[in-house]
Amino acid sequence: QVQVVESGGGLVQAGGSLRLSCEASGRTFGSYAMGWFRQAPGKERESVAAIARTGGFTDYADSVKGRFTISRDNAKNTLYLQMNSLKPEDTAVYFCAVRDRANYYATYRQAYDYNYWGQGTQVTVSS
């Protein structure tokens, strides 16, 4: 069982920045592919960004390309999402997801690809 805990959400004005963190338990963090998803009220959960086991391969939703950066520190068992130039439409609950058996270079953008989830952290962007 992998425990997943997000942190770093909050209220920010449009144009501002936030950095989300996600700690995942287990001695094999380096074998996990990971991703960030978000869900706004009344909308389906959508993929924001994904990162391969090594961190060398990433993938982003078109809506966040050039503004968000996903990264990981395998020594600290931590995943990050740096969010810059935030917009009101980025307001959502953000979830960290873990896939514990992953191909070495693969990124995964579908929710069904992941088998562990955090509880979510709220990000609110005011206009």
*Asks:* Given the rule that I, L, V, M, F, W and Y join up when any side-chain heavy atoms are under 4.5 Å apart, are V48 and L18 in one cluster?
*Replies:*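 Yes; L18 is reachable from V48 via cluster members.
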
*Asks:* Which pairs would a plain distance check flag for residues 120-127, meaning a side-chain donor or acceptor within less than 3.5 Å of a matching protein atom at least two apart in sequence or in another chain?
*Replies:*
from: T121; atom 1: OG1; to: G9; atom 2: N; distance (Å): 3.2
from: Q122; atom 1: NE2; to: A92; atom 2: O; distance (Å): 3.4
from: Q122; atom 1: NE2; to: T124; atom 2: OG1; distance (Å): 3.3

*Asks:* Going by side-chain hydrogen bond (donor to acceptor under 3.5 Å, both in side chains), name the pairs with one or both residues in residues 9-26, residues two or more places apart or in two chains.
*Replies:* S17-N84

*Asks:* Atom CG of L79 and atom CD1 of I51: how far apart are they, to the nearest 0.5 Å?
*Replies:*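 Answer rounded to 0.5 Å: 6.5 Å.
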
*Asks:* When rounded to the nearest 0.5 angstrom, what distance separates CE in M34 from OH in Y80?
*Replies:*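 It comes to 11.0 Å.
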
*Asks:* Just to verify, what does E89 make a side-chain hydrogen bond (donor to acceptor under 3.5 Å, both in side chains) with, not counting sequence neighbours?
*Replies:*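 Expected list: none.
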
*Asks:* Do any pairs count as a ring-ring contact (aromatic ring centres under 6.0 Å, His included) and have a residue in residues 4-43, sequence neighbours left out, and if so which ones?
*Replies:* F29-Y32, F37-Y114, F37-W117

*Asks:* Is it the case that atom CD in Q119 sees more than 12 heavy atoms from other parts of the structure closer than 6.0 Å?
*Replies:*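 Yes, because the 6.0 Å sphere around CD of Q119 holds more than 12 heavy atoms from other groups.
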
*Asks:* Evaluate the side-chain proximity of V4 to C22: yes if any heavy-atom separation is below 4.5 Å, no if none is.
*Replies:* yes

*Asks:* Linking I/L/V/M/F/W/Y whenever any side-chain heavy atoms sit under 4.5 Å apart, do V93 and V12 land together?
*Replies:* no

*Asks:* If you round to the nearest 0.5 Å, how far is CD1 of I70 from CD of Q82?
*Replies:* 12.5 Å

*Asks:* Can you pull out every salt bridge (Lys or Arg N to Asp or Glu O under 4.0 Å) where at least one residue sits in residues 49-60? Sequence neighbours excluded, please.
*Replies:*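 Every salt bridge (Lys or Arg N to Asp or Glu O under 4.0 Å) pair that includes a residue of residues 49-60, provided the two are not neighbours, is D59-R109.
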
*Asks:* For residues 95-103, please give each side-chain donor-acceptor pair under 3.5 Å, one per line with the distance, not counting sequence neighbours.
*Replies:*
from: R99; atom 1: NE; to: R101; atom 2: O; distance (Å): 2.8
from: R99; atom 1: NH1; to: D113; atom 2: O; distance (Å): 3.0
from: D100; atom 1: OD1; to: N115; atom 2: ND2; distance (Å): 2.8

*Asks:* Could you name each residue pair satisfying disulfide bond (SG atoms under 2.5 Å apart) that touches residues 60-91, not counting sequence neighbours?
*Replies:*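 Sorted result for residues 60-91: empty, none.
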
*Asks:* Nearest 0.5 Å, what's the CG-CZ distance between L20 and F68?
*Replies:*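 Spacing of CG (L20) from CZ (F68) equals 8.0 Å.
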
*Asks:* How would you list all residue pairs meeting salt bridge (Lys or Arg N to Asp or Glu O under 4.0 Å) that involve residues 33-43, not counting sequence neighbours?
*Replies:*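 Of all non-adjacent pairs touching residues 33-43, those that pass salt bridge (Lys or Arg N to Asp or Glu O under 4.0 Å) are R38-E46, R38-D90.
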
*Asks:* With a 4.5 Å heavy-atom cut-off, do Y94 and Q39 have their side chains touching?
*Replies:* no

*Asks:* Give the intermediate values and the outcome of side-chain contact (heavy atoms from CB on, under 4.5 Å) for residues L81 and T69.
*Replies:* CA-CA 6 Å; L81 184 68; T69 302; over 6 Å; no

*Asks:* side-chain hydrogen bond (donor to acceptor under 3.5 Å, both in side chains) with K65: which residues, sequence neighbours excluded?
*Replies:*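 K65 satisfies side-chain hydrogen bond (donor to acceptor under 3.5 Å, both in side chains) with D62 once adjacent residues are dropped.
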
*Asks:* Return each pair, listed once, that meets salt bridge (Lys or Arg N to Asp or Glu O under 4.0 Å) where at least one residue sits in residues 116-127; pairs must be two or more places apart or across chains.
*Replies:*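 Non-adjacent pairs meeting salt bridge (Lys or Arg N to Asp or Glu O under 4.0 Å): zero.
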
*Asks:* Of the non-hydrogen atoms in A14 and P88, which two are nearest, and what is the gap between them?
*Replies:* CB-CD, 4.1 Å

*Asks:* Starting from F57 and following side-chain heavy-atom contacts under 4.5 Å between hydrophobic residues (I, L, V, M, F, W, Y), which residues can be reached?
*Replies:* Y104, Y105

